[in-house]
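Presented below is the structure to which this report refers.
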Amino acid sequence: MEFVRRIVEHPVLEYEKGKKIRFFFEDREIEAFEGETIAAALEAAGVRWYRETAKYGRKRGIFCAIGKCSSCLVVADNRVVKACQTLVKEGMIVKRLRGKPQIA
Amino acid sequence: MNTPWRKDGILDNSVVSKLLPPEELRNSKAYALLECVENIPCDPCTRACPFKAITMEHITDLPQINWDRCTGCALCVMACPGLAIFIIDETTDPAKVTVPYEMLPLPEVGEEVKLLSRRGEVIGKGKVLKLKVSKNKTYAVTVEVPRERVHDVRAIRCIK
Amino acid sequence: MVEEYDVVIVGSGPAGLAAAEVLGGEVSVCVLDEQPYAGGQLIKQTHKFFGSKEHFAGWRGIDIAEYLIGEVKRRGVELKQQHRVLGYYAEEDLVVAEDENGKLHEIRGKKYLFATGAMENMFVFENNDLPGIFGAGAAQTLMNMYGVKPGTRVVMLGAGNIGLIVSYQMLQAGIDVAMILDASPTIGGYHVHAAKVVRAGVPIRTRYTVKRAIGEDKLEAVEIVKLDENWSPIDGTEEIVEADLLCISIGLSPVIELFAQAGCRIEYVPFLGGYVPVHNKFMKTTNEKIFVAGDASGIEEASTAMVEGKIAALAMLGDLKNVDIEDRIMHEFESLAKLRTGFFGRRPKEGKIQMEKLASKYGL
């Protein structure tokens with residue numbers, strides 16, 4: 001079990017959390033909060049490796065977290081999305097993007 | 001401009017000694033010490049002081065303090081965005097230093113905390129005497145400090 | 001169906017929101033932003049701002065965002081989140097935005113403000129794509145927006161203001177910051193930001209850099225090395241530092257794709273952070289319909305971004321309605337000049353002087 005990385009108390013911030021939901025990443029069931037991105041939920045669960053590059057199979061996770069670098073692409077409910085820009089949903093099925101995305 | 005602090009972020013005593021008020025004033029009352037040495041565009045300290053002790057003409061000037069007006073109230077300690085203002089009281093033994101604090105956990109009055117230098121070294125322990133807080137959540141924590149360390153202690157860390 | 005507005009703003013960061021605040025109530029305004037939440041980087045900035053009262057000095061970024069969002073909504077501005085602008089199409093004179101469901105929207109303005117911000121620069125070293133190597137801003141997003149620790153033990157590369165501030169924020173979130181490295185002989189950020197982290201026990205090592213990242217499917221350690229006076233690694237000074245997060249904070253680049261796609265002229269101005277759209281002092285680009293403000297026009301601070309947003313908004317207002325904006329715009333020019341003085345203001349000031357020359361070359 002990975003260390004779960006939620007900040008419980010903060011000297012300046014109060015975190016308003018949405019409803020507790022569950023989603024799946026590579027067959028693992030993960031708890032998340034409504035209103036947070038897939039990336040935030042994955043990082044909170046200790047997941048760092050989101051995809052494998054097409055040419056060399058390099059493992060990648062998030063880098064910029066503001067939708068610019070595309071390092072965090074995943075497949076969520078059969079769509080290729082940026083994990084840092086896409087809000088996680090109840091029951092969402094998220095998989096690592098391996099290689100090039102398929103265009104349906 | 002001679003700026004040795006730009007190597008590691010640490011103001012050494014030769015710089016700090018120039019920021020101190022005259023000795024007779026230091027022996028007579030608590031005073032604000034502004035460890036603000038760069039011309040950054042910033043002026044909230046001048047507005048925070050109810051006695052108009054801190055002034056600057058231009059926003060990138062260094063703040064000027066009129067210590068005769070300063071009461072050591074610590075409102076500027078909580079207002080300074082750079083957390084660069086401290087209240088020093090060397091009239092008592094042990095002396096007192098008030099530092100800005102935005103960490104957890106929050107100490108309680110009477111609690112013993114670690115005393116840290118500008119370098120982040122633990123240089124002793126001291127009792128918390130007073131806590132004040134501003135509406136933007138910066139605390140001003142007053143701690144007891146050995147007199148000979150009054151110009152070294154610039155931060156605290158809770159032991160609990 | 002094409003949605004029509006007087007002004008379409010792309011980007012809801014400090015520049016876009018400050019512009020919307022000026023324009024709201026005067027003309028119809030729509031703000032498009034690809035992020036799930038409005039506010040740009042302000043909504044992760046927990047530190048208190050510098051500047052003067054009119055630049056929200058002493059406020060924390062998060063509180064500035066809340067205030068500005070409230071003000072623009074009150075003025076009837078439409079904020080559309082999760083609307084990624086794909087391009088500006090001159091023939092139809094409109095932008096196309098894709099929403100979170102993949103649906104496309106055509107949105108037309110009489111004027112456009114592209115306040116697209118900036119992104120973090122990458123640094124070249126062995127294994128620099130290993131998961132667990134983040135831009136400092138990404139760490140800040142996770143911590144301050146979502147309450148998630150980006151790591152447990154961190155090495156920060158870059159002692160500019162962002163590197164220093166984010167390190168301090170990590171301490172506030174209960175994360176162990178092992179050290180801050182900077183290849184320069186001096187720290188780049190304000191002394192006060194450096195002093196906060198140093199007295200909390202975090203060492204700053206200047207003339208140090210990252211040699212390689214170590215780990216299989218995620219970062220486990222960082223190999224650092226000392227640099228000599230010619231910025232070359234000194235053999236034998238390598239050290240392995242255990243860390244599960246390496247933050248890169250070596251500078252930002254303006255986000256200019258939309259300007260380039262729209263056909264605005266782009267020039268390279270190092271003092272402004274690299275390639276930037278050519279603009280005059282009213283923030284107008286070489287396309288008279290398109291304005292720019294904030295980091296997209298040159299890397300600076302949120303305070304200057306807000307002033308530039310107001311200048312662009314006033315200039316658009318002057319073009320759209322027959323109102324006298326001269327006094328208000330002069331006031332904002334003065335405000336910008338004040339912010340760009342002193343040691344830290346010299347680079348953007350020089351960059352903007354170069355930009356004025358380029359603008360006149362293009363007849364702006």
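In what follows, chains are A, B, ... by sequence order, proteins preceding strands, each numbered from 1.
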Handout entry: chain C contact via B:L83 - side chain, backbone, both or neither, heavy atoms under 4.5 Å
Key = both
Problem - Heavy-atom contact with chain C under 4.5 Å, split by part of B:E35 - result: backbone
Exercise for the section: Determine yes or no for a side-chain-to-main-chain donor-acceptor pair under 3.5 angstrom, with B:D89 supplying the side chain and B:T91 the backbone. Expected result: yes
Handout entry: Heavy-atom donor-acceptor pair, C:S297 side chain to C:A293 backbone, under 3.5 Å
Key = no
Exercise for the section: For the pair C:D176 (side chain) and C:R153 (backbone), establish whether a donor and an acceptor sit closer than 3.5 Å, ignoring hydrogens and angles. Expected result: no
Problem - Residue B:M56 versus chain C: region with a heavy atom under 4.5 Å - result: neither
Handout entry: Expected output: side-chain C:R60 to main-chain C:T46 donor-acceptor under 3.5 Å
Key = yes
Practice task
May I ask you to decide if B:F86's main-chain N or O and B:R154's side chain share a donor-acceptor pair within less than 3.5 Å?
Solution key: no
Handout entry: Between B:I156, B:N136, B:D61, the one whose heavy-atom pairs under 4.5 Å with chain C are most numerous
Key = B:N136
Exercise for the section: Pick one of side chain, backbone, both or neither for B:R119, based on which atoms fall under 4.5 Å of a heavy atom in chain C. Expected result: backbone
Exercise for the section: For atom OH of B:Y31, decide whether the heavy atoms of other residues, nucleotides or ligands shown that lie under 6.0 angstrom number more than 12. Expected result: yes
Exercise for the section: Please determine, by modelled atom types, if B:S117 and B:D152 share a side-chain donor-acceptor pair under 3.5 angstrom. Expected result: no
Practice task
Can you check whether anything in residues 332-341 of chain C gets within less than 4.5 Å of chain B, heavy-atom wise, and list it by number?
Solution key: C:K338, C:L339, C:T341
Exercise for the section: Check whether B:T46 gets within reach of chain C through its side chain, its backbone, both or neither, counting any heavy atom under 4.5 Å. Expected result: neither
Practice task
Name the option with the most non-hydrogen atom pairs under 4.5 Å to chain C; the candidates are B:P81, B:C36, B:A79.
Solution key: B:P81
Exercise for the section: Could you have a look at B:I59, B:V122, B:L104 and say which one has the most heavy-atom pairs with chain C under 4.5 angstrom? Expected result: B:I59
Problem - C:R346 charged N/C atom sitting above C:F343 aromatic ring, 6.0 Å / 45° - result: yes
Problem - Heavy-atom proximity to chain B below 4.5 Å, by part of C:F49 - result: backbone
Exercise for the section: Examine whether an atom of B:L11 lies under 4.5 Å from a heavy atom of chain C, and if so say whether it belongs to the side chain, the backbone or both; otherwise answer neither. Expected result: both
Practice task
Flag the pair B:K160 and B:E111 as a salt bridge only when some basic side-chain nitrogen lies within less than 4.0 angstrom of an acidic carboxylate oxygen.
Solution key: yes
Handout entry: Contacting moiety of C:H191, where chain B heavy atoms sit under 4.5 Å
Key = both
Practice task
Sort out for me which of C:H55, C:K196, C:K53 touches chain B most, counting heavy-atom pairs under 4.5 Å.
Solution key: C:K53
Problem - Contact origin within C:A195 toward chain B - heavy atom pairs under 4.5 Å - result: both
Handout entry: Side-chain (C:D182) to main-chain (C:A159) donor-acceptor, under 3.5 angstrom
Key = yes
Exercise for the section: Measure from the side-chain N and O atoms of C:Q172 to the backbone N and O of B:M103, and report whether any donor-acceptor pair falls under 3.5 Å. Expected result: no
Completion exercise
Highest number of heavy-atom pairs under 4.5 Å with chain C among B:K7, B:R157, B:K137 belongs to B:K7
Problem - B:R47, part contacting chain C, at a heavy-atom distance under 4.5 Å - result: side chain
Exercise for the section: Determine, for C:E229 against C:R207, whether the closest basic-nitrogen to carboxylate-oxygen distance falls under 4.0 angstrom. Expected result: no
Practice task
For the pair C:E238 and C:K226, find out whether any cationic side-chain nitrogen is under 4.0 Å from an anionic carboxylate oxygen.
Solution key: no
Handout entry: When C:I187, C:T186, C:T206 are compared by non-hydrogen pairs under 4.5 Å with chain B, the top option
Key = C:I187
Handout entry: Side chain, backbone, both or neither of B:C80 within contact of chain C (heavy atoms, under 4.5 Å)
Key = backbone
Exercise for the section: Please determine if B:E112 and B:K127 form a salt bridge, counting it only when a charged side-chain N lies under 4.0 Å from a carboxylate O. Expected result: no
